[in-house]
Participant: 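Let me begin by handing over the structure; questions about it come next.
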Amino acid sequence: MFSRMFNFSKKITILLSLFFISLFINGAIGNESLFIKDKNDFLQPDAAFQLTINKNTQSIEAAFLIAKDYYLYRDKLKVEFDRIPQKQILLPVAEIKTDTHFGKTEIYHGTLNVSIPFDKNHPPKEISISYQGCSQKGLCYSPIKKEFKFDNIQSINSNAFSSTSEVDTMQFLLQSQHIGLILLGFFIGGLLLSLTPCVLPMIPILSSIIFASHKRSSQQTRLKDFFLSLSYVGGVAFTYTLLGIFAGLSGNLITTSIQSPMLMGVLGVIFILLALSMFDLYALKLPHFIENFIATSILRVEGGKYLNVFIIGTISSLVLSPCIAPPLAGAIIYINQSRDFILGGLALFTLSIGMSMPLILIGIFSDQVLPKRGYWMILVKEFIGFMLIAMGLFIMSPLFPENMDQIAYSILLLSFSIYLFMANRRFKYSVLSWVHAIAFATLMGAILLFGVTLQKIKVLDNENISNTTKSNHVSVLPFKQIQSLDDLSRELNQRDSKMVMLDFYADWCVSCKEYEKLTFSNTKIKEHLAAYTLLQVDVTQNKAEHKALLKHFNLYGPPAILFFDKQHNEERTFRIVGYKNASQMLEHLKTLEHENQ
Amino acid sequence: MKINKSSLNLAIYILAIIFLGFSVFRIFSTPTEKSTASTAALFESTINNPEGKPQSLKQFQNKIIVLNFWATWCEPCREEMPELSNFYTNNQSKNLVVVGIAIDEEKAVKSYLKKTKVSYPIFVDEDKGVTLSKNLGNHDGILPYTVIISSQGIIQKTIPGRIHQDQLDAILKPLLQPSKSL
């Protein structure tokens, strides 16, 4: 039995390493463009023209830092406040360049400070700056438009993001404001890990290092213990950060083909497999000879010196006990998806710091302060297992029939609560009230989620009955259905001066249904939209022509609403991706119409 | 925990095969998949000529295309235009076309073309031009940006920045040869 179990673990380990190898191979392929980019001797537009925005009481100050040999055109610099073009822009005197075609043109080199005054009583909420520039090395950049939103933020640097539309702004939010949340999540994850038996093998290593240094010098201080453990933790964090950076750099596979259902399925299964190891169904390990090799080399490195301790830290994080691997693999897959190596490095750094908290505490207080080891640690470990299953479900959720994902979540919650109820018996615990409390809470949560989902299914069912056939859904608005780019260009080539709204719809898209039910059905919105030519693409079947349409507009899928002006050019900045309720939509339409008057 | 080990094993083997298959598939499929997909969108587009009339880019399908993104305010773009113009006149008979897409205002392009003779077709659309060039790999919005597409619709090379006559000759020589021998 045991040997078969071992065989089984080996297989899973091989499987997972195969998966990671293919992940990295794929990443390398996808990153070709990255290496090519390095070969060219031009800067990225945001590096060529670094823009910083500051808001004063009466003006917006825009400061450009223009790279050497690059320049900006004076007459192409445009500023809008809340989508209204500003005429009063205070610009410094420009240099004169003689252009063979235009004659004398005004340009800026080096630094450029622009001041745009505004009415003190009506400070702008949103400003957009457009600019154009070139390099003397023989290239120019397409017009660049940056949008900034002022809520409480006083100063923004453009390097953090580039935005040409709402979609990009959204991505920026994901990148910068949520970065704190993401990192906090990783830190908490690390703390949770530190409460599992996973980190235990590190404690004797560190204790022995500290003990060894006690032996050597008589004037051992608490401070030195602390610094020793700090450098050990530094070593651990170093390895993890490298891992994170690597994962971020190689990430391309998942983002480019996240649409592919097969990959979603495979990833979801991977997460669930990883979770199984948290329940000790099998162990994820490095091959034995590597483990032995590292373990012996740790023993050989002399303790007590900071650099050595650092090195021990970097190495010993590789040999950690089996149970750290699954959550770590999960984290790496997540980072891989973000394709952001800075985020990746930071995330795994915070994870390792969270995980090393007990090690730091040992350094300060020796190991008396640590919570007592016990069965509860296994509970925490298996809780992480449940989390991994939830993540697997989350990844696979687009594959499930409508609402089935929520049913799956509620079943998972239910099994977690059953698990907790049983845990007390399993560990022969004397009454552990908090475990019972949590078990009860999750039970309630499971029931609640289940109920809400059932309710939702009922609502959608009713809707389906009224719409009779599923594939030919009927909208509350008089949309003209189109299928392909040809259809679209035929519609757009019609010589009327009506604005056009193009809606991407799919049966499986919940927000699309909400649009129908809550937004489009609003009478005020109907009134507004009466003046538009209304086009809709139903991409439920995801035919090649649907994909071509989505690709043409750089969209990933519904929900998405595009607007075209009276000349039938797309109003790129007015794209809506995601859900807007009736009042938000009304506001959006009003600004759009205001601009097109 | 009692789980049927042999069926689990089977599942693991199947998964392993799927992984390997998937990565092998990607290794072989990526380059071609990438380039035909992005030109498909190109040929599906319609774009205005300087007179403001929409034209379908499908007319250039099955030809060797030198697609040049430019703007009137971009000096290096204007520098390379006479060379491209010459190149087009010399190779017009060989199933080759040079296409200029201006990321610019219609007015500016119109007045520019009045002063400067360009032998190849020019189209204008500031927004569409940006999207098209992005779809063809120009993520930084570089101008000029030249894309060389084979008659099969496969992207052969993309050149950000000023292109030179000898560069063009070198890239296009192998593409032009087979049609000569026919």
Side-chain angles (χ1 to χ4, degrees), chain A residues 4-5 7-8 11-12 14-15 18-19 21-23 25-26 29-30 32-33 37 40 42-45 73 76 99-102 105 132 134-135 137-144 164 253 257 262-263 266 269-270 273 279-281 484-486 489 492-493 548-549 551-554 569-570 572, chain B residues 1 3 5 8-9 11-13 15-16 18-20 22-24 26-27 30-31 37-38 40-41 44-46 52 54 56 69-80 103-104 112 115-116 125-131 133-135 137-145 158 160-162:
Chain A
R4 268 176 79 192
M5 198 66 191
N7 246 337
F8 181 60
K11 266 173 210 151
I12 297 219
I14 291 169
L15 176 68
L18 265 179
F19 171 69
I21 290 168
S22 55
L23 202 66
I25 291 175
N26 283 306
I29 298 171
E32 261 174 0
S33 57
K37 220 178 268 170
N40 289 319
F42 58 80
L43 295 173
Q44 304 245 324
Y73 288 105
K76 303 284 183 192
D99 186 290
T100 45
H101 178 68
F102 292 108
T105 40
Q132 266 163 248
C134 298
S135 155
K137 286 175 195 158
L139 61 92
C140 294
Y141 295 92
S142 311
I144 305 166
T164 46
L253 164 73
S257 44
M262 191 176 78
L263 191 78
V266 168
V269 172
I270 290 277
L273 271 181
F279 298 111
D280 287 330
L281 275 180
S484 62
L485 273 168
D486 282 344
S489 55
L492 292 181
N493 278 337
L549 257 173
K551 181 139 196 162
H552 179 76
F553 292 109
N554 277 328
N569 295 314
E570 201 209 330
R572 182 81 173 72
Chain B
M1 291 284 186
I3 287 177
K5 284 278 153 53
L8 250 179
N9 274 346
I12 286 167
Y13 279 123
L15 267 179
I18 290 175
F19 283 156
L20 275 183
F22 189 71
S23 30
V24 169
R26 259 188 70 96
I27 290 170
T30 319
S38 38
E44 290 294 327
S45 329
T46 50
S56 163
F69 291 94
W70 67 289
T72 56
W73 48 267
C74 157
E75 208 175 351
C77 304
R78 296 196 315 254
E79 266 173 35
E80 66 182 20
I103 298 182
D104 209 335
Y112 177 76
K115 276 194 217 163
T116 324
D125 195 313
E126 199 156 349
D127 297 333
K128 248 187 213 169
V130 170
T131 331
S133 84
K134 256 191 191 163
N135 281 344
N138 190 9
H139 303 293
D140 294 332
I142 302 287
L143 286 179
Y145 187 76
T158 55
R162 168 122 162 63

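Lettering of chains follows the sequences in order, A, B, ..., and the numbering in each one begins at 1. All values below were derived from every heavy atom in this structure, side-chain atoms included, with hydrogens, water molecules and symmetry-related copies excluded.
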Participant: Report the C-alpha separation of A/Tyr141 and B/Leu143 in whole Å, then their side-chain angles, then the decisive distance to 0.1 Å, and conclude whether the side chain to side chain contact (heavy atoms under 4.5 Å, CB included) test is met.
Facilitator: CA-CA 5 Å; A/Tyr141 295 92; B/Leu143 286 179; over 6 Å; no
Participant: Considering only heavy atoms, which portion of B/Glu79 lies under 4.5 Å from any heavy atom of chain A: side chain, backbone, both, or neither?
Facilitator: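 B/Glu79 has no heavy atom closer than 4.5 Å to chain A.
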Participant: Counting only non-hydrogen atoms closer than 4.5 Å, does B/Lys128 touch chain A with its backbone (N, CA, C, O), its side chain (CB onward), both, or neither?
Facilitator: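 The answer is neither part of B/Lys128.
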Participant: Most heavy-atom pairs under 4.5 angstrom with chain B, which of A/Cys134, A/Ser489, A/Ala548, A/Cys140?
Facilitator: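 Ranked by heavy-atom pairs under 4.5 Å with chain B, first place is A/Cys140.
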Participant: Residues in side chain to side chain contact (heavy atoms under 4.5 Å, CB included) with B/Thr72, at least two apart?
Facilitator: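 In terms of side chain to side chain contact (heavy atoms under 4.5 Å, CB included), with neighbours along the sequence ignored, B/Thr72 is linked to A/Phe102, B/Trp70, B/Asp104, B/Ala108, B/Val109, B/Tyr112.
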Participant: What is the minimum heavy-atom distance between B/Val130 and A/Ser142, and which atoms define it?
Facilitator: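 That closest heavy-atom pairing would be CG2-CB, 4.2 Å.
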Participant: Can you name the nearest heavy-atom pair linking A/Glu570 to B/Asp127, along with the distance?
Facilitator: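 For A/Glu570 and B/Asp127, the tightest heavy-atom pair comes out as O-OD2, 4.0 Å.
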Participant: Nearest 0.5 Å, please: how far is CH2 in B/Trp73 from CD in A/Gln132?
Facilitator: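 CH2 of B/Trp73 is found 4.0 Å from CD of A/Gln132.
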Participant: Check whether A/Phe553 gets within reach of chain B through its side chain, its backbone, both or neither, counting any heavy atom under 4.5 Å.
Facilitator: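 For A/Phe553, neither part sits under 4.5 Å from chain B.
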Participant: Could you grab the distance from atom CG of A/Asn493 to atom OG of B/Ser56, nearest 0.5 Å is fine?
Facilitator: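 So the CG of A/Asn493 and the OG of B/Ser56 are separated by 10.0 Å.
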Participant: Return the option, out of A/Pro45, A/Pro143, A/Ser484, with the maximum number of heavy-atom pairs under 4.5 Å with chain B.
Facilitator: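 Of A/Pro45, A/Pro143, A/Ser484, A/Pro45 has the most heavy-atom pairs under 4.5 Å with chain B.
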